[in-house]
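For reference, the structure discussed in these notes is given below.
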Amino acid sequence: MDTPLTTIAVVGLGTMGTGIAEVLARAGREVVGIDISEAAARQAVASLEASTARSVARERITEQERRDILARFRTFSDLQAAADAELVIEVVPETYEIKQQVFRELDAVVSPTAILATGTNALSVTRLAAESQRPERVLGLHFFNPAPAMKLVEVVSSVLTAPPAVESVTRLARELGKEPVAVGDRPGFVADGLLFGYLNQAAAMYEANYASREDIDAAMKLGCGLPMGPLALLDLIGIDTARTVLEAMYTASHDRLHAPAPVLGQLSEAGLTGRKAGRGFYTYDTPGGQTVVPDALTPAESAGAVTGRTVSSVGVAGSGTMASGIAEVFAKAGYAVVLAARSQEKADTAKARIAKSLGRSVAKGRLTEEARDETLARITPAGSLDSFADVDLAVEAVAEDLEVKRQLFQTLDKVCKPGAVLATTTSSLPVVAVARVTSRPEDVIGMHFFNPAPAMKLVEVVRTVLTADDVHATVREVCVKVRKHPVDCGDRAGFIVNALLFPYLNNAIKMVEEHYATLDDIDAAMKLGGGYPMGPFELLDVVGLDVSLAIEKVLHSEFRDPGLAPAPLLEHLVAAGCLGRKTGRGFREYARR
């Protein structure tokens with residue numbers, strides 16, 4: 001079965017099929033494109049002509065190379081054209097009925113040594129193989145969209161697949177310049193298995209009216225470095241497609257996290273399937289367009305917006321990295337800052353850390369020496385919260401311990417002047433729990449910065465049921481002045497980012513527990529297939545496994561969803577003291593510095 005894959009048929013010339021055909025033709029393969037629609041075939045040819053013309057214009061290929069590529073791509077309307085192909089890749093609509101019909105017809109056409117690959121990301125490869133006369137030659141070959149640009153290819157084996165077939169297509173994927181990841185047969189495989197659960201949770205969050213679509217998308221882009229927000233990504237993928245994938249995942253897992261959010265069904269049934277329809281979570285200029293246009297849900301600037309309180313001085317409580325970063329942010333923006341720690345020595349050390357940070361900015365040419373000196377001059381280190389007597393905004397960044405924060409807010413309540421806004425940077429604790437220990441809960445709000453605070457643009461603004469409107473307005477205005485992007489969310493566990501991020505991380509750990517895929521394959525799949533800046537295990541080790549476990553426990557406790565229960569492997573590693581990079585060992589081992 002170790003046949004050189006030189007002639008390859010692609011059945012289905014939609015967006016994905018056309019992209020795969022382009023990849024193959026550019027790599028020197030003879031490509032037989034097959035689609036029952038002559039219009040689809042013409043569009044595929046036109047797409048390749050346009051793409052290669054752009055490559056010539058950018059001097060990436062010569063005109064002769066372009067002609068050779070185009071000559072290697074031929075289109076047909078009958079599966080009989082696949083007779084001489086050593087590999088057939090089907091990317092027809094995502095239904096068993098259509099795919100099984102294609103496989104049955106191919107059985108009667110292709111040679112006994114040909115490999116049949118399905119491009120499905122939601123259906124069972126095993127079930128499709130079982131319908132074939134040659135199940136040992138059937139496997140999954142899951143490219144990602146757009147196929148020419150995306151490096152990941154998931155090579156999916158069923159219990160029936162012969163190893164030589166897997167070896168042949170894996171070798172082909174590498175020759176195409178792709179990164180193949182070997183996975184078993186389950187809905188979603190690795191990348192979509194993790195991605196679609198996250199997208200589903202985002203849709204449910206939006207449906208619950210917890211946060212606006214704009215804030216959910218901005219939070220995940222700015223807070224996690226993702227190329228697109230989840231709702232915009234659902235519109236790009238197709239809401240009907242996402243629903244189909246989730247239905248298949250839920251059928252296999254019975255995990256409530258995979259049960260499609262009702263809004264996905266409602267939008268699908270209404271024909272609002274995303275970009276291709278011109279409307280989904282957002283509205284687009286045309287069907288198939290990329291430009292979002294305002295609609296009834298677009299936030300409007302209210303003429304009678306609440307005016308915030310005046311803030312000219314800020315107190316930052318804490319001496320750690322987050323406190324120092326927040327103090328630096330405010331001082332850079334021109335605010336007088338009091339940086340208070342448990343002792344004068346700790347406060348001085350925190351200011352020295354800021355000086356080093358500013359020094360690095362000067363060395364990189366991002367800040368002048370004069371601006372550095374002016375920024376440092378605005379920061380007054382203090383060894384007591386009594387120094388907060390005159391601040392207009394007090395921000396705490398102490399340990400993520402509810403009792404510690406409550407005691408601090410009791411002190412702030414006594415020390416801070418009437419009208420001062422009191423903010424907590426908690427990422428997982430209830431804001432109202434600290435607000436209630438004060439005599440002015442209406443002045444308390446969450447202001448969740450992300451680490452490192454000077455670099456990260458996002459701030460989650462968390463108002464409780466008791467927070468005053470002008471306090472909320474004040475914090476949003478301050479965020480804009482310090483060049484951060486505020487997103488509004490209610491006072492519940494995880495807010496936006498952690499509530500969507502940590503179930504995804506937990507599910508990645510479960511994949512490893514189930515021996516479905518390796519750490520390296522999962523990390524590669526999410527970086528190459530999902531556009532994530534870091535794989536889930538890289539991120540867990542950076543965040544800290546103890547921190548991650550604490551957040552998982554809070555989410556599970558609040559939402560009581562069995563699917564949110566922390567993965568046992570995470571608990572075992574924390575119990576063993578393997579906390580990630582900070583201890584030299586987490587999911588991976590790190591060299592001691």
Side-chain angles (χ1 to χ4, degrees), residues 120-122 125 139-145 150-158 166 170 173-174 178-202 220 224-227 230 233 237 245-246 248-249 252-253 255 257-258 498 500-545 547-549 551-552 563-574 578-581 585-590:
T120 185
N121 67 338
V125 176
L139 46 71
L141 196 55
H142 180 213
F143 288 79
F144 287 74
N145 196 23
M150 301 296 280
K151 291 292 186 183
L152 181 67
V153 174
E154 291 176 319
V155 180
V156 189
S157 303
S158 79
V166 176
T170 300
R174 291 197 179 100
K178 302 300 183 183
E179 296 284 345
V181 171
V183 296
D185 182 23
R186 65 188 241 180
F189 313 130
V190 172
D192 285 353
L194 294 176
L195 176 65
F196 279 87
Y198 149 71
L199 296 177
N200 194 40
Q201 290 298 103
M220 298 313 293
C224 296
L226 299 180
L233 182 54
I237 292 168
V245 174
L246 286 164
M249 290 172 63
S253 70
D255 187 333
L257 295 176
H258 298 153
N498 286 347
L500 295 179
L501 175 64
F502 280 89
Y504 148 78
L505 296 175
N506 201 41
N507 284 338
I509 300 170
K510 291 177 184 177
M511 278 190 176
V512 170
E513 284 181 335
E514 295 162 4
H515 305 288
Y516 177 65
T518 66
L519 301 179
D520 291 342
D521 280 351
I522 293 172
D523 276 355
M526 297 317 297
K527 289 193 291 184
L528 299 174
Y532 283 62
M534 300 178 77
F537 296 101
E538 290 178 275
L539 183 56
L540 282 159
D541 279 353
V542 168
V543 170
L545 273 56
V547 174
S548 301
L549 178 59
I551 294 172
E552 290 287 357
L564 296 175
L569 177 57
L570 178 61
E571 296 184 304
H572 295 163
L573 287 169
V574 171
C578 301
L579 308 182
R581 286 185 176 271
R585 183 178 174 188
F587 282 98
R588 294 185 175 88
E589 291 191 21
Y590 302 89

Where do [X] and [Y] come nearest, in terms of heavy atoms and distance?
{"X": "Val125", "Y": "Gly140", "value": "CG1-N, 3.8 Å"}
{"X": "His258", "Y": "Ser253", "value": "ND1-OG, 2.8 Å"}
{"X": "Leu540", "Y": "Ser548", "value": "CD2-OG, 3.5 Å"}
{"X": "Ser157", "Y": "Val166", "value": "OG-CG2, 3.2 Å"}
{"X": "Thr518", "Y": "Asp521", "value": "OG1-N, 3.0 Å"}
{"X": "Ala191", "Y": "Met526", "value": "CA-SD, 3.6 Å"}

Taking atom [atom1] of [X] and atom [atom2] of [Y], what is their separation to the nearest 0.5 Å?
{"X": "Glu514", "Y": "Arg186", "atom1": "CD", "atom2": "CZ", "answer": "5.0 Å"}
{"X": "Leu257", "Y": "Leu564", "atom1": "CG", "atom2": "CG", "answer": "5.0 Å"}
{"X": "Leu569", "Y": "Ile509", "atom1": "CG", "atom2": "CD1", "answer": "6.5 Å"}
{"X": "Phe537", "Y": "Leu545", "atom1": "CZ", "atom2": "CG", "answer": "10.0 Å"}
{"X": "Tyr198", "Y": "Leu505", "atom1": "OH", "atom2": "CG", "answer": "11.5 Å"}
{"X": "Cys224", "Y": "Leu501", "atom1": "SG", "atom2": "CG", "answer": "4.5 Å"}

Check: [X] side chain, [Y] main-chain N or O, donor-acceptor pair, under 3.5 Å:
{"X": "Glu154", "Y": "Val183", "result": "no"}
{"X": "Lys178", "Y": "Phe143", "result": "no"}
{"X": "Tyr516", "Y": "Gly184", "result": "yes"}
{"X": "Gln201", "Y": "Pro503", "result": "no"}
{"X": "Asn506", "Y": "Ala565", "result": "yes"}
{"X": "Asp185", "Y": "Val156", "result": "no"}

Indicate yes or no: at least one non-hydrogen side-chain atom of [X] is less than 4.5 angstrom from one of [Y].
{"X": "Val155", "Y": "Leu141", "answer": "yes"}
{"X": "Val543", "Y": "Ile551", "answer": "no"}
{"X": "Ile522", "Y": "Leu194", "answer": "yes"}
{"X": "Phe196", "Y": "Ile237", "answer": "yes"}
{"X": "His142", "Y": "Asp192", "answer": "yes"}

Test side-chain contact (heavy atoms from CB on, under 4.5 Å) on Leu549 and Glu571; report intermediate values, then the result.
CA-CA 7 Å; Leu549 178 59; Glu571 296 184 304; 3.6 Å; yes
Walk me through whether Leu233 and Leu195 qualify under side-chain contact (heavy atoms from CB on, under 4.5 Å).
CA-CA 10 Å; Leu233 182 54; Leu195 176 65; 4.0 Å; yes
According to side chain to side chain contact (heavy atoms under 4.5 Å, CB included), who are the partners of Ala248, at least two apart in sequence or on a separate chain?
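Applying side chain to side chain contact (heavy atoms under 4.5 Å, CB included) to Ala248 gives Ala122, Pro187.
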Which residue pairs pass the side-chain hydrogen bond (donor to acceptor under 3.5 Å, both in side chains) test with at least one member in residues 525-544, sequence neighbours excluded?
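Passing the test, one end in residues 525-544: Lys527-Glu538, Asp541-Tyr590.
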